[in-house]
Amino acid sequence: MRTLALVVIGLTATSAYAARASVASQMDYKVGARPTIIVDSSAGGVELSAGPAGVVHIEAERQADTEELARKLDVQIKQDGNTIRVHFAH
């Protein structure tokens, strides 16, 4: 059985045209056969694709005018059992 395994999130602090710097991070979470992924984001896009069973892989890319501003963007990722929650509020 295959599960949902990849979430790519691009989050921006300014308009897409002005973003010049990005900071990327990656995390892996062990999950059961039927994980739930909840994404709550006021900006940016989300891409989901299937991958290996038992793992949710998250790549978050934060974009802003400067690297310092990109690092300050608050992306919260939490696991509660078989549920992964990704939250970003701009």
Exercise. Is there a donor in the side chain of Q26 and an acceptor in the side chain of D28, or the other way round, less than 3.5 Å apart?
Worked result: no
Seminar exercise, completed: Heavy atoms of D74 and F88 approach each other most closely as O-CD1, 3.4 Å
For this session: Carefully, step by step, assess I58 and V86 under the rule side-chain contact (heavy atoms from CB on, under 4.5 Å).
Result: CA-CA 9 Å; I58 298 178; V86 181; 3.9 Å; yes
Exercise. Which heavy-atom pair separates A70 from A64 by the least distance, and what is that distance?
Worked result: N-CB, 3.5 Å
Exercise. Any chance CD of Q76 has more than 12 other-residue heavy atoms, nucleotides or ligands included, within less than 6.0 Å?
Worked result: yes
Exercise. Do V39 and I84 belong together in a cluster built from hydrophobic side chains that touch within less than 4.5 Å?
Worked result: yes
For this session: With P35 as reference, evaluate V55, T83, V56 under the side chain to side chain contact (heavy atoms under 4.5 Å, CB included) test and give the passing residue.
Result: V56
For this session: Please examine the side chains of T36 and N82, heavy atoms only from C-beta on, and report whether any two atoms are closer than 4.5 Å.
Result: no
Problem set entry | Spacing of I77 atom CD1 and M27 atom CE [to the nearest 0.5 Å] | 3.0 Å
Exercise. When rounded to the nearest 0.5 angstrom, what is the spacing between OG in S22 and CD in Q63?
Worked result: 5.5 Å
Exercise. Under 4.5 Å between any side-chain heavy atoms of V31 and Q79, yes or no?
Worked result: yes
For this session: Go through the steps to decide whether R71 and R62 satisfy the test side-chain contact (heavy atoms from CB on, under 4.5 Å), and finish with yes or no.
Result: CA-CA 7 Å; R71 290 188 185 283; R62 293 172 267 183; 5.5 Å; no
Problem set entry | Least distance between heavy atoms, T66 atom then A21 atom | C-CB, 3.4 Å
For this session: Report yes if some heavy atom in the side chain of V75 is under 4.5 Å from a heavy atom in the side chain of H87; otherwise report no.
Result: no
For this session: Can you establish whether the number of heavy atoms outside D40 located under 6.0 Å from its atom CG is more than 12?
Result: yes
